Student: 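Pasting in a structure now, in structure tokens, and then I'll have a few things to ask.
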Amino acid sequence: MSLYKAREWWSTSCGHEEEYETRSLVIGSIDSSSSEQGNIITGSLQGVLRVYQPHGQGFSVEDLLLEVQLPAPVLQLELGTFTSLGGHQLAVLHPRKLVTYNLSSLASSQGTAGLQLNKLSEQVLDRSAANMVCGNFGGSKGTTPHSAPHTLLAVQAELCNSSAMHHSAGALQICVQSMDGQLSFYERETLAFSRFLPQFLLPGPLCYSQALDCIITCSSAYEVECYKYQTLAAAQAAATKTTGATIVSALGFRICVHYIASMVARHCTCTAESVKRLLPLPGADTNSKCKQLHTEWKWVFGEMAWDIQISSFTGSEESDIVLLGEHTLVVLNSQGQLCLQKRFDYQPVAFTMYNVSGNRNNLLVAAATGQMMVYSHKRVVWAAKGDTCPVAVKVATFAGLQGLILTLDDAGKLVLSYMGTDPPMQSVDVRHSAEVDFAALDSEYREVAGHIQALGAPSEAVVPQEQLLITAQVPSLLDRSEDLPQDMLSGSAFSAVTVHLYLRHSGAASLTDVTLSLDAPPGLHLDQDCITVPHVSSTDSSAVIVRLQGRGSGVPSDNTLTAVATYTSSSGEPRTTSTKVALPLSLFCQLVAPQQAAVFKVTLDTNQPPPQLVDLFQDMVAQAQMDLQQPGQYANVMSFKYMRGPVVTILVSKSAGRYRIQSDSFEAMWLIVQELCQRLRHFFITAESSEQERAGSQEDFAITFKEAVPLEELWASIEKHWQARQAVAASQAALSDRAQQQRAVQKRLLMRFKDRQPGSLAHLELLLAETFDQLIDLGSQQEQQQVEVETAGSQLAATVQLILQLVRYSFGMSLEDVNVLTAHLSPQVHGSLLGISTLCMCTSS
């Protein structure tokens with residue numbers, strides 16, 4: 001940040017609700033004979049033209065010389081000699097017009113000066129204009145074709161020299177760049193020629209170097225391009241269009257050709273007709289090798305250029321090309337070689353060059369924060385902070401005061417200021433106090449720390465006075481199978497359950513338009529996942545019926561239904577309320593005949609005598625579609641089969657409170673282990689524990705797992721999921737390659753079909769058909785692999801669920817510790833194994 005603030009000398013506001021840009025400001029004298037008093041000319045995008053002449057410090061009404069509304073937006077202003085009348089004229093670029101005005105002074109009887117705007121010429125543009133640049137294009141150099149005889153060469157050189165002398169002593173030329181890349185050169189109110197820039201996309205800044213006689217611009221490819229004027233003039237136009245200007249130009253050229261031929265015939269033995277044949281007419285293709293437009297040199301900038309100016313900045317005798325980019329300042333020499341490059345730590349918005357002494361120029365850069373930095377070569381020699389963010393900046397002399405900085409922002413704030421030495425208002429005041437009493441500071445610190453600790457002591461969560469309460473009613477039995485669709489594979493009906501959610505508002509006012517979003521576990525189908533409740537009162541509960549159907553197969557990764565209610569409180573604040581509903585076990589599996597053999601086994605120990613399994617799983621027994629006439633045989637063994645999935649069996653020891661859960665699938669045991677532990681805890685603590693049993697057993701119910709935690713199965717699930725994802729990535733890469741190959745073959749076939757004399761297809765049609773078949777096969781393969789990734793992800797989530805439970809019972813963790821462990825080792829798999837793999841490695845270490 002700058003230590004100094006720019007001092008305002010003169011300022012005004014250019015209109016109200018008007019917009020300005022970098023090329024909306026120009027400084028100069030409307031009278032070429034007088035250079036003491038300068039004029040400030042501004043043009044807004046709303047088409048308002050204003051001319052100011054500051055006479056002293058502070059704005060006065062007499063400083064505004066002209067304010068006129070033009071018929072079109074003003075894109076750019078240029079001040080110079082553009083006509084043969086002499087003096088200075090104002091060139092105004094509109095989107096579709098190029099107008100030249102003359103500013104003449106007026107004087108009243110009271111002595112107050114004013115200006116009058118007179119239109120001198122108007123050129124209608126065929127294309128929308130972007131910007132323009134003026135200069136003495138061509139200089140004093142003429143072009144001579146090498147194929148002409150010596151006598152004709154001398155005549156053309158004489159005409160070129162006379163034309164160059166006329167240019168140097170006459171008016172400036174104007175080059176207008178259109179939005180589609182056409183450069184139109186105007187000389188004395190007449191269109192000379194137009195050329196299209198090659199490989200053009202968007203217009204960039206335009207600049208003319210008098211020493212190089214070149215047009216310099218920055219293309220949309222972030223490349224600085226230099227075009228010689230002679231190259232532009234000699235290049236063939238992209239398209240020959242017969243217009244009125246072309247016919248007039250052709251007639252004038254024919255008269256000139258006739259005159260040259262007559263002069264040569266008088267001094268040579270050749271005839272006039274032979275001389276005419278040596279001079280090409282406009283629009284005639286007399287040269288078989290037409291000259292194409294090419295650049296003199298290119299330089300890769302690498303970023304967008306805001307502005308380009310020609311000045312001597314490095315101290316060399318030749319003029320430098322100074323470019324201001326988004327973050328970089330670059331200086332090139334006349335050959336397009338890098339001389340200086342500086343990277344800014346701020347965002348520049350505008351810059352200008354001003355002369356210090358002789359061939360020494362300084363650079364003034366305005367930043368987006370309002371700061372203005374003065375650079376001499378690479379070194380910052382001064383900096384000051386302004387009040388506005390300028391889009392255009394100039395350095396000029398007004399009222400005999402040199403070095404004034406003129407800035408214009410996008411809202412039309414016009415300020416003349418100078419680099420002062422006043423510090424900013426927010427200064428740092430350093431005060432020298434007495435000796436510090438550390439004992440008093442320590443006592444005060446302890447008092448404040450105790451007060452903060454008392455305020456931040458843990459307490460009960462603050463419950464808002466108005467909240468939405470969600471309660472759920474989940475039946476223990478499934479819906480009847482008469483109204484359910486049939487499974488095509490098994491022939492039986494799908495399982496379904498109807499859940500009732502009740503919404504009630506605790507506040508006095510009622511709620512409207514409460515949105516209830518539902519998220520079911522994978523494998524379950526919701527009839528509606530988003531329900532809008534139009535009215536929720538504080539007295540009665542609003543019931544929402546949710547039906548879930550178990551159409552999935554295999555082991556589920558979760559067994560809870562998540563409901564999130566979004567609403568707006570009576571005070572207008574958006575709020576959410578969420579709840580999780582545990583779904584019945586019968587929705588995921590059913591009882592089958594007991595099975596003894598299994599691959600994976602998990603044994604849980606308890607400190608209480610085991611109850612019969614029929615008493616623990618009464619809902620499953622009631623739902624079972626089997627004959628249980630002898631329930632005693634199911635007291636110590638019970639098997640559960642997932643819908644189109646594996647079977648899990650529970651074996652209970654008759655003497656000790658030991659339970660063995662076994663299955664051929666490791667991940668399938670997590671849901672049965674969870675249900676068994678929850679039902680045992682509920683049986684011994686709440687439902688079946690009487691006062692006599694509590695008196696007889698002083699020990700609390702506990703579940704322990706004494707074996708080693710089977711982490712090998714977890715690593716195997718992670719590896720399987722990773723390989724499935726790698727297979728999908730390889731399939732996608734192969735599919736992309738085949739698609740690119742098909743596009744290439746199609747392009748080759750299209751080129752063959754477009755040929756006027758088509759040749760052999762060279763078996764391209766066979767290659768196209770084979771590529772198409774490969775695309776179909778790879779697409780089907782990728783669909784199958786994506787299903788495998790989802791299956792592997794579900795198996796991994798179920799494995800993590802079982803590992804979390806075994807770790808809990810193995811180390812006797814509390815519920816709070818289990819929540820912390822679950823937050824770090826989440827059982828939710830969303831296609832990325834980064835978090836799970838990292839946490840698993842931390843667990844193993």
Side-chain angles (χ1 to χ4, degrees), residues 130-147 156-157 160-161 163-164 167-168 172-178 180-187 192-238 287 289-314 316-325 328-341 353:
N131 50 21
M132 67 176 177
V133 66
C134 61
N136 187 13
F137 304 145
S140 59
K141 300 178 181 180
T143 58
T144 58
H146 298 285
S147 59
Q156 289 184 342
C160 291
N161 291 334
S163 176
H167 287 325
S168 60
L172 298 176
Q173 296 173 321
I174 299 177
C175 174
V176 178
Q177 181 180 209
S178 65
D180 56 352
Q182 185 187 49
L183 297 182
S184 302
F185 293 86
Y186 293 89
E187 178 183 1
F193 60 91
S194 299
R195 296 292 183 268
F196 278 97
L197 295 179
Q199 299 179 355
F200 183 87
L201 181 61
L202 294 174
L206 206 61
C207 183
Y208 174 69
S209 174
Q210 183 68 35
L212 302 178
D213 192 23
C214 292
I215 300 291
I216 303 171
T217 184
C218 185
S219 65
S220 56
Y222 301 156
E223 294 180 347
V224 182
E225 299 178 349
C226 177
Y227 296 92
K228 280 283 189 180
Y229 176 76
Q230 299 296 336
T231 304
L232 292 170
Q236 183 188 17
N287 191 359
K289 297 181 180 179
C290 299
K291 297 183 178 180
Q292 300 296 330
L293 183 60
H294 63 276
T295 59
E296 188 70 16
W297 50 261
K298 284 185 179 181
W299 189 81
V300 179
F301 194 9
E303 62 183 64
M304 183 182 297
W306 296 128
D307 197 3
I308 305 175
Q309 294 186 15
I310 305 298
S311 181
S312 179
F313 183 62
T314 57
S316 60
E317 297 181 357
E318 298 181 354
S319 298
D320 299 321
I321 303 171
V322 185
L323 297 97
L324 180 66
T328 311
L329 175 71
V330 171
V331 180
L332 305 178
N333 60 10
S334 58
Q335 288 78 29
Q337 299 174 353
L338 181 64
C339 298
L340 186 146
Q341 184 174 5
M353 307 289 298

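These numbers come from a predicted model, not from an experiment. Values below: all heavy atoms of this structure, side chains included; hydrogens, waters and symmetry mates excluded.
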Student: If we ignore hydrogens and angles and just use 3.5 Å, is the side chain of Ser319 paired with the main-chain N or O of Ser311 as donor and acceptor?
Tutor: no
Student: For residues Cys214 and Lys228, report the shortest heavy-atom separation together with the two atoms involved.
Tutor: SG-CD, 3.4 Å
Student: From Glu296 CD over to Ile215 CD1, what is the distance, rounded to the nearest 0.5 angstrom?
Tutor: 13.0 Å
Student: What are the two closest heavy atoms between Phe301 and Cys218, and how far apart are they?
Tutor: CD2-SG, 4.4 Å
Student: Please give me the minimum heavy-atom distance between Asn131 and Gly204, naming the atom from each residue.
Tutor: ND2-O, 2.9 Å
Student: Give, for atom SG of Cys175 and atom CD of Gln182, the distance between the pair rounded to the nearest 0.5 Å.
Tutor: 10.0 Å
Student: Going by the angle between their ring planes, with limits at 30° and 60°, are Phe137 and Phe185 parallel, tilted or perpendicular?
Tutor: perpendicular
Student: Which value, rounded to the nearest 0.5 Å, describes the distance between Ser219 atom OG and Phe200 atom CZ?
Tutor: 9.0 Å
Student: Given side chains that start at C-beta, do those of Met132 and Cys134 come closer than 4.5 Å, heavy atoms only?
Tutor: no
Student: Is there a side-chain contact between Ile321 and Ser209 (heavy atoms, below 4.5 Å)?
Tutor: no
Student: First locate atom CG of Asp180, then atom CG of Leu202, and finally report the distance between them rounded to the nearest 0.5 Å.
Tutor: 11.0 Å
Student: Just distance, no hydrogens or angles: give the donor-acceptor pairs under 3.5 Å from side chains in residues 328-339, sequence neighbours left out.
Tutor:
{"residue": "Thr328", "atom": "OG1", "partner": "Glu303", "partner atom": "OE1", "Å": "3.0"}
{"residue": "Thr328", "atom": "OG1", "partner": "Arg343", "partner atom": "NH1", "Å": "3.1"}
{"residue": "Asn333", "atom": "OD1", "partner": "Gln335", "partner atom": "N", "Å": "3.2"}
{"residue": "Asn333", "atom": "OD1", "partner": "Gly336", "partner atom": "N", "Å": "3.1"}
{"residue": "Asn333", "atom": "OD1", "partner": "Gln337", "partner atom": "N", "Å": "2.6"}
{"residue": "Asn333", "atom": "ND2", "partner": "Gln337", "partner atom": "OE1", "Å": "3.3"}
{"residue": "Ser334", "atom": "OG", "partner": "Glu318", "partner atom": "OE1", "Å": "3.0"}

Student: With side chains defined as the heavy atoms from C-beta onward, is the minimum distance between Pro198 and Tyr227 less than 4.5 Å?
Tutor: yes
Student: Report the C-alpha separation of Leu232 and Phe193 in whole Å, then their side-chain angles, then the decisive distance to 0.1 Å, and conclude whether the side chain to side chain contact (heavy atoms under 4.5 Å, CB included) test is met.
Tutor: CA-CA 9 Å; Leu232 292 170; Phe193 60 91; 4.3 Å; yes
Student: Do Ile308 and Leu206 have side-chain heavy atoms sitting under 4.5 Å apart?
Tutor: no
Student: Atom CD of Gln199 and atom CD of Glu225: how far apart are they, to the nearest 0.5 Å?
Tutor: 8.0 Å
Student: To the nearest 0.5 Å, tell me how far Glu187 CD sits from Leu172 CG.
Tutor: 10.5 Å
Student: Is there a side chain to side chain contact (heavy atoms under 4.5 Å, CB included) between Leu212 and Ile310 once you walk through the steps?
Tutor: CA-CA 10 Å; Leu212 302 178; Ile310 305 298; over 6 Å; no
Student: Looking at side-chain heavy atoms only, is the closest gap between Trp297 and Val224 below 4.5 Å?
Tutor: yes
Student: Looking at every non-hydrogen atom in both residues, tell me the closest pair between Arg195 and Ala233 and how far apart they are.
Tutor: NH2-O, 3.2 Å
Student: Does Tyr208 reach the main-chain N or O of Asn136 with its side chain, forming a donor-acceptor pair under 3.5 Å?
Tutor: yes
Student: Might you point out which heavy atoms bring Ser194 and Ser184 nearest each other, and give the distance in Å?
Tutor: OG-OG, 3.2 Å
Student: Heavy atoms only: give me the nearest Asp213-Gly138 pair and the separation to one decimal.
Tutor: OD1-N, 2.9 Å
Student: Any side-chain heavy atom of Tyr229 within less than 4.5 Å of one from Gln173?
Tutor: yes
